[in-house]
Amino acid sequence: MAGPLTGLRVLDISRLAPGPFCTMLLADLGADVVKVEEPAQGDYLRTLFPPINEQSPMFIALNRNKRSMVLDFKNPDDLRKFEALAAKSDIIVEGFRPGVADRIGVGYKKMAAINPAIIYCSISGYGQNGPYRDRSCHDLNILALAGLLGLGQPNKQQDLSISAIPMADLVSGMLGALGILAAVHHRTKTGEGQLVDLAMLDSIVALMGLNLSEFSALGRVREEITGGMPRYRAYKTKDERYMVLGSLEEKFWQGFCKAVGRPDLAAETGEAFTDEQLTEELIALFTQKTQAEWVETLRGYDVCCDPVQDLAEVIADPQLKARSMVIHRVHPTEGAIVEAGIPFHFSKTPCALERPSPRKGEHTEEVLAEWLA
């Protein structure tokens with residue numbers, strides 16, 4: 001594999017989204033990631049959502065650049081094979097509820113006894129301690145408990161807006177990868193491995209430091225950051241699409257008012273209008289043109305006003321093409337598919353998409369022969 005983590009060996013015994021996203025980032029960065037699946041069902045994400053042939057699009061999106069092997073931890077011979085692989089590994093990532101890995105014989109204490117230098121990352125809903133430790137959850141539960149789900153509707157009786165992105169799943173995976181790399185750095189200096197305990201709930205709350213600090217200081221959530229500020233919100237266009245306006249700084253606001261032919265809106269730095277009046281003026285303004293017409297009107301102006309794109313437009317976006325962030329590939333079993341590219345751009349150790357998501361157990365014999373030679 002190409003990338004700055006070339007040479008690191010990772011055993012991934014996680015499933016669904018948080019752990020697999022974590023290990024995909026490591027694989028994209030060049031680590032040799034082996035996905036270890038149980039023989040019957042394997043990773044639930046393969047078929048949890050409608051699959052294309054044998055794999056769902058979500059599985060494909062989270063498991064590229066990895067190899068897959070099948071081991072049955074209930075089988076003593078297979079468990080011994082895993083222990084032998086752990087002795088040759090740098091990193092293990094698991095995503096069970098606390099205590100499950102120990103119960104099936106692959107927990108941190110046992111793996112650290114086999115390989116004291118192992119970095120063992122446990123990603124769970126609530127972490128390895130605390131009153132919620134053993135509770136079940138999915139992404140939506142975490143967003144609710146963390147308070148993020150309700151931020152956009154402070155003190156209002158309206159439906160909550162649920163993100164199309166599994167935020168808690170992916171953020172915990174991302175922070176898991178960051179924690180692992182910090183542990184790798186520590187091991188480089190000391191030779192010591194360690195446990196990285198990463199909770200989905202902790203991950204989302206960590207993102208909310210600004211909100212928590214402001215709430216503690218003001219005693220409320222500022223509605224300005226959730227669509228209450230006229231200069232920082234979405235507006236519907238004539239064709240029922242949206243533009244977002246982010247002209248917070250005065251230079252952007254003055255430029256926007258000039259670009260749309262409404263210098264009166266910027267009179268006295270906008271203080272001639274109350275926020276409610278200015279919002280109504282902007283609502284009326286944006287409904288005068290279609291989204292495409294607004295894009296053309298604002299072309300060439302540096303005013304932080306952009307269209308809300310659909311996914312077809314994202315796939316065709318020239319900026320994303322220039323950065324290789326939208327990849328068209330033909331998957332060996334699933335056919336043509338679009339994948340997000342690798343967001344890391346290194347001048348010395350470039351990353352590459354080298355392997356499609358693996359079929360279950362596709363590389364079992366290959367990995368055993370290679371790692372245990």
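If you're wondering where the values come from, they're calculated on a predicted model, not measured in any experiment.
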Problem set entry | Side chain to side chain, Lys81 and Met69, heavy atoms closer than 4.5 Å | no

Problem set entry | Residues Glu296, Arg299: salt bridge by 4.0 Å N-O rule | yes

Exercise. Should we say atom CZ of Arg323 is surrounded by more than 12 heavy atoms from elsewhere, each under 6.0 Å from it?
Worked result: no

Exercise. Do other residues, nucleotides or ligands put more than 12 heavy atoms under 6.0 Å from Met167 CE?
Worked result: no

Exercise. Looking only at heavy atoms, which two atoms of Asp139 and Ile165 are closest? And how far apart?
Worked result: OD2-O, 4.3 Å

Exercise. How about Glu94 and Ser122: do any of their side-chain heavy atoms sit closer than 4.5 Å?
Worked result: yes

Exercise. Is the backbone N or O of Ala352 less than 3.5 Å from a side-chain atom of Asn65, with the two atoms forming a donor-acceptor pair by type?
Worked result: yes

For this session: Check the pair Arg46, Glu37 against salt bridge (Lys or Arg N to Asp or Glu O under 4.0 Å), reporting the backbone distance first and the verdict last.
Result: CA-CA 11 Å; Arg46 287 184 180 275; Glu37 302 182 70; 2.7 Å; yes

For this session: Report, as yes or no, whether the 6.0 Å neighbourhood of atom NE2 on His185 holds more than 12 heavy atoms from other residues, nucleotides or ligands.
Result: no

Exercise. Do you know the tightest heavy-atom contact between Ala177 and Leu26?
Worked result: CB-CD2, 4.2 Å

Problem set entry | Least distance between heavy atoms, Val303 atom then Phe256 atom | CG1-N, 3.4 Å

Exercise. Does a sphere of radius 6.0 Å around NZ in Lys110 hold more than 12 heavy atoms from other residues, nucleotides or ligands, not counting ones at 6.0 Å or beyond?
Worked result: yes

For this session: Ignoring hydrogens and angles, tell me if any N or O in the side chain of Lys289 forms a donor-acceptor pair with the backbone of Lys238 under 3.5 Å.
Result: no

For this session: Using a strict cut-off of less than 4.0 Å between a Lys/Arg side-chain nitrogen and an Asp/Glu carboxylate oxygen, indicate whether Arg231 and Glu250 qualify as a salt bridge.
Result: yes

Exercise. Would a 4.5 Å heavy-atom cut-off, applied to side chains only, mark Val106 and Val36 as touching?
Worked result: no

Problem set entry | Asp310 backbone acceptor or donor facing Glu313 side chain under 3.5 Å | yes

Exercise. When you look at Thr23 and Lys35, which way does the side-chain contact (heavy atoms from CB on, under 4.5 Å) test go after all the steps?
Worked result: CA-CA 9 Å; Thr23 56; Lys35 187 175 182 68; over 6 Å; no

For this session: Kindly assign one of parallel, tilted or perpendicular to the pair Tyr235 and Phe286, based on the angle between their ring planes and the thresholds 30° and 60°.
Result: parallel

Exercise. Distance from Arg262 atom CZ to Leu282 atom CG, nearest 0.5 Å?
Worked result: 8.0 Å

Exercise. Can any side-chain N or O of His328 pair as donor or acceptor with the backbone N or O of Val338 at less than 3.5 Å?
Worked result: no

Exercise. For Ile91 and Val184, what are the C-alpha separation, side-chain angles and deciding distance, and is it a side-chain contact (heavy atoms from CB on, under 4.5 Å)?
Worked result: CA-CA 9 Å; Ile91 298 155; Val184 169; 4.3 Å; yes

Exercise. Do Thr349 and Phe344 have side-chain heavy atoms sitting under 4.5 Å apart?
Worked result: no

Problem set entry | Ile342 vs Arg64, side-chain contact (heavy atoms from CB on, under 4.5 Å): CA-CA, chis, key distance, verdict | CA-CA 11 Å; Ile342 299 174; Arg64 67 183 180 210; 3.7 Å; yes

For this session: Scan Ile142, Val171, Leu170 and name whichever one has a side-chain contact (heavy atoms from CB on, under 4.5 Å) with Met200.
Result: Ile142

Exercise. How long is the gap from CZ on Phe252 to SG on Cys304, to the nearest 0.5 Å?
Worked result: 4.0 Å

Problem set entry | Tyr120 versus Ala101, closest heavy-atom pair with distance | OH-CB, 3.4 Å

Exercise. Sub-3.5 Å donor-acceptor pair from the side chain of Glu249 to the main-chain atoms of Lys251, do we have one?
Worked result: no

For this session: Return yes if some donor-acceptor pair links the side-chain N/O of Asp239 with the main-chain N/O of Thr290 below 3.5 Å, else return no.
Result: no

Problem set entry | Val34 side chain reached by Asp32 side chain, heavy atoms, under 4.5 Å | yes

Exercise. For His138, does the NE2 atom sit with more than 12 other heavy atoms under 6.0 Å from it, leaving out its own atoms?
Worked result: no

For this session: Compare every heavy atom of Arg133 with every heavy atom of Gly99, then report the nearest pair and how far apart it is.
Result: N-NH2, 4.0 Å

Exercise. Could you give the distance from NZ (Lys66) to CE (Met24), rounded to the nearest 0.5 Å?
Worked result: 7.5 Å

Exercise. Do Pro307 and Arg241 come close enough that some side-chain heavy atom pair is under 4.5 Å?
Worked result: no

Exercise. Hey, does the side chain of Gln319 reach the backbone of Ala322 with a donor-acceptor pair shorter than 3.5 angstrom?
Worked result: no

Exercise. With a cut-off of 6.0 Å (strictly less than), are more than 12 heavy atoms of other residues, nucleotides or ligands near CZ of Phe346?
Worked result: yes

For this session: Mark yes or no for whether Ser89, through its side chain, and Val10, through its backbone, hold a donor-acceptor pair below 3.5 Å.
Result: no

For this session: Please name the pair of heavy atoms, one in Ser136 and one in Arg97, separated by the smallest distance, quoted to 0.1 Å.
Result: CB-NH2, 3.3 Å

Problem set entry | Arg187 side chain to Gly193 backbone, donor-acceptor under 3.5 Å | no

Exercise. Taking C-beta and beyond as the side chain, do Phe273 and Thr279 meet within less than 4.5 Å on heavy atoms?
Worked result: no

Exercise. Heavy atoms, side chains only, cut-off 4.5 Å: are Asn141 and Arg135 in contact?
Worked result: no

For this session: Give the cluster check for Met208 versus Leu143: same hydrophobic cluster or not, with ILVMFWY residues linked at side-chain heavy-atom distances below 4.5 Å.
Result: yes

For this session: Report the distance from atom CG of Asp169 to atom CE of Met58, rounding to the nearest 0.5 Å.
Result: 7.5 Å

Exercise. Quick one: do Arg355 and Glu362 make a salt bridge, cutoff under 4.0 Å?
Worked result: no

Exercise. Say you draw a straight line from CZ of Phe21 to CG of Asp28; how long is it, rounded to the nearest 0.5 Å?
Worked result: 8.5 Å

Exercise. Can you list the steps and then say if Asp202 with Val205 is a side-chain contact (heavy atoms from CB on, under 4.5 Å)?
Worked result: CA-CA 5 Å; Asp202 297 352; Val205 171; 5.9 Å; no

For this session: Drop me the distance from Leu16's CG to Ile123's CD1, to the nearest 0.5 angstrom.
Result: 12.0 Å

